[in-house]
Amino acid sequence: MPKTRITQREIAKHVGVSTASVSMILAGKSLSRFSDETIDAVYTACRELGYQTKTAKRNRSIVLIVCPSVINPYFATIIQGMEMEAREQNLETVIFTTYWDQEKERSACELAKDPMVGGVIFAMIPQQPELVRELNETVPVVAVGDKQNDVGLDTVDVNNFNAGVLVARHLLELGHRKIAYLSTSLNSEHSARVRRYDGLKAEIARFDHGASLSLFTAEVPTLTELHTVDIEHRTGRSLARQCIEQNPEVTAMVAINDMVAYGVIDGIKESGFSIPSHYSVCGFDNIPPSSFSGVDLTSVEHYIVQGGKSALRLLSDKMEGKQSRVLESGAVVRVEYQTRLIIRSSSAAPRTE
């Protein structure tokens with residue numbers, strides 16, 4: 001038997017207000033006549049009773065930003081780019097952190113159905129793209145992701161494969177032949193990490209001449225991600241020690257991102273070696289601390305702030321319905337930023353035995 005559509009009259013009865021009041025609140029009209037408690041109660045009732053919010057006027061002013069964590073400067077920086085543009089667009093932002101927990105991602109999708117939310121930006125490729133594609137049918141969605149990841153959503157892309165190629169080429173040109181890739185959880189749910197590894201691997205295989213790539217990874221459970229604020233630094237330090245012990249021929253370590261690279265640097269130094277005399281270290285993302293004196297990390301620039309701004313502009317256009325006038329049904333928009341290698345003093349010619 002088909003489910004009966006919930007009406008505004010039922011919402012009104014549930015909250016204890018008039019149907020006219022529910023209609024005005026959902027349409028965003030004369031809101032000054034109602035208390036914050038009444039407005040919240042109406043929106044809560046809509047969500048709990050399953051009111052079809054696509055028939056209500058969505059509140060354009062609120063953008064939900066879904067991200068794994070804000071402790072990593074990469075996500076903090078891209079979010080700040082989004083908020084810079086939100087200010088220009090007269091939009092407000094709300095941040096929802098998932099810590100790579102699929103249930104939390106599902107909760108974010110449920111929250112996005114609330115009429116108060118006008119659109120959603122995923123600061124990463126969703127772990128459950130089919131769920132987010134379904135959400136995108138009623139709520140405008142944009143994701144920040146990898147060029148090779150076909151999720152069927154409007155995205156602001158980074159070419160992570162090419163980023164890996166750039167780092168590998170740089171190290172090979174310096175003379176390194178034994179290179180290691182050090183990463184947190186490496187699987188299909190973290191496509192950017194995999195694509196960076198693929199780029200490194202492909203360039204080293206193309207070069208041949210005795211060059212090889214070792215892989216060192218550590219699984220990071222969701223609860224560990226949540227409860228350990230320095231988990232990436234810790235992981236980098238541990239993996240660096242593991243690499244030194246298990247593969248002493250390695251002369252260059254490439255970390256999945258700059259935060260892990262900082263841990264790699266400390267792990268190398270704590271093991272009695274120096275950078276770059278004994279080991280070269282490279283990262284990805286070129287977050288601000290990488291240029292600080294004493295760090296000076298070779299890294300790949302992804303134009304994080306600009307990417308955040310572009311994602312917000314893209315979402316704003318969707319919320320305004322501007323895309324529908326120029327795109328065929330089923331089409332997606334992709335904005336790609338080119339990667340650029342920033343060479344600093346953490347990488348140099350390999351040590352001589």
Side-chain angles (χ1 to χ4, degrees), residues 71-74 163-164 166-186 190 193 196-197 199-201 203-204 207 209-221 224-225 227-301 341-353:
I71 194 65
N72 186 324
Y74 167 82
L166 290 176
V167 172
R169 187 175 300 159
H170 168 62
L171 292 173
L172 291 168
E173 288 174 352
L174 287 173
H176 292 276
R177 299 296 179 263
K178 303 298 180 182
I179 301 169
Y181 183 60
L182 286 62
S183 176
T184 44
S185 304
L186 192 66
H190 301 285
R193 302 175 190 177
R196 290 172 184 179
Y197 175 57
L200 282 163
K201 190 166 52 175
E203 184 66 11
I204 289 171
F207 178 83
H209 301 302
S212 63
L213 180 66
S214 303
L215 176 64
F216 293 87
T217 65
E219 289 298 316
V220 180
T224 302
E225 183 104 26
H227 293 292
T228 314
V229 295
D230 61 343
I231 186 58
E232 291 188 305
H233 180 274
R234 288 192 186 192
T235 300
R237 185 169 58 186
S238 174
L239 290 176
R241 291 171 174 170
Q242 184 181 338
C243 177
I244 291 169
E245 180 180 343
Q246 296 182 9
N247 199 340
E249 292 185 348
V250 164
T251 60
M253 299 187 198
V254 180
I256 175 56
N257 60 35
D258 288 3
M259 285 297 292
V260 172
Y262 303 156
V264 170
I265 290 171
D266 284 349
I268 290 171
K269 291 180 177 179
E270 289 166 2
S271 297
F273 299 101
S274 62
I275 300 162
S277 299
H278 295 103
Y279 292 95
S280 287
V281 179
C282 299
F284 296 90
D285 298 339
N286 194 36
I287 57 180
S290 294
S291 65
F292 291 176
S293 175
V295 179
D296 216 27
L297 177 68
T298 294
S299 185
V300 177
E301 171 65 65
L341 184 67
I342 307 297
I343 301 173
R344 300 191 178 99
S345 65
S346 70
S347 58
R351 63 180 181 267
T352 56
E353 302 297 344

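Basis for what follows: all heavy atoms, side chains included, without hydrogens, waters or symmetry-related copies.
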Could you tell me the separation between the [atom1] atom of [X] and the [atom2] atom of [Y], rounded to the nearest 0.5 Å?
X	Y	atom1	atom2	value
Ile342	Asn286	CD1	CG	5.5 Å
Ile179	Ser214	CD1	OG	9.5 Å
Leu172	His209	CG	NE2	10.0 Å
Leu215	Leu182	CG	CG	8.5 Å
Phe292	Arg344	CZ	CZ	10.5 Å
Thr217	Leu186	OG1	CG	6.0 Å

**Prompt:** For atom NZ of Lys178, is the number of surrounding heavy atoms from other residues, nucleotides or ligands below 6.0 Å larger than 12?
**Reply:**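 More than 12 within 6.0 Å, yes.
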**Prompt:** Around Arg234, counting heavy atoms of other residues, nucleotides and ligands shown, do more than 12 lie under 6.0 Å from its CZ?
**Reply:**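 Counting neighbours around CZ of Arg234, 12 or fewer heavy atoms of other residues, nucleotides or ligands fall under 6.0 Å, so no.
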Please check: side-chain N/O of [X] versus main-chain N/O of [Y], any donor-acceptor pairing under 3.5 Å?
X	Y	value
Asp266	Arg237	no
Thr235	Ile231	yes
Asp258	Ile287	yes
Ser280	Ala252	no
His176	Ala348	yes

**Item:** Worked verdict on Leu341 versus Val167 for side chain to side chain contact (heavy atoms under 4.5 Å, CB included)
**Value:** CA-CA 7 Å; Leu341 184 67; Val167 172; 4.1 Å; yes
Taking all heavy atoms of [X] and all of [Y], pick out the closest pair and write down the distance.
X	Y	answer
Ser345	Asp296	OG-OD2, 2.6 Å
Leu171	Cys282	CD2-SG, 3.9 Å
His278	Arg351	O-NH1, 2.5 Å
Tyr262	Ser290	OH-OG, 2.7 Å
Ser346	Ile275	O-CG2, 3.6 Å
Gly294	Lys269	O-NZ, 4.5 Å

**Request:** Run the numbers on Arg177 and Phe207 for side chain to side chain contact (heavy atoms under 4.5 Å, CB included), then give the verdict.
**Result:** CA-CA 10 Å; Arg177 299 296 179 263; Phe207 178 83; 3.4 Å; yes
**Partner of Phe284 under side chain to side chain contact (heavy atoms under 4.5 Å, CB included), chosen from Leu166, Val300, Val260** =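 Filter result, single survivor: Val300.
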**Asked** Does the side chain of His170 pick up a donor-acceptor pair with the side chain of Thr298 at under 3.5 Å?
**Response**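 No, no side-chain donor-acceptor pair sits under 3.5 Å.
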**Asked** What class does the angle between the rings of Tyr197 and Tyr181 fall in, given that below 30° is parallel, 30 to 60° is tilted and above 60° is perpendicular?
**Response**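 Parallel: the ring planes of Tyr197 and Tyr181 meet at under 30°.
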Does a side-chain heavy-atom distance below 4.5 Å link [X] with [Y]?
X	Y	answer
Ser271	Glu245	no
Phe216	Gln246	yes
Leu297	Ile265	yes

**Prompt:** Passes side-chain hydrogen bond (donor to acceptor under 3.5 Å, both in side chains), His190 versus Ser185? Steps please.
**Reply:** CA-CA 8 Å; His190 301 285; Ser185 304; 4.9 Å; no
**Prompt:** So does Arg196 pair up with Asp285, basic N to acidic O under 4.0 Å?
**Reply:**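 Salt bridge: yes.
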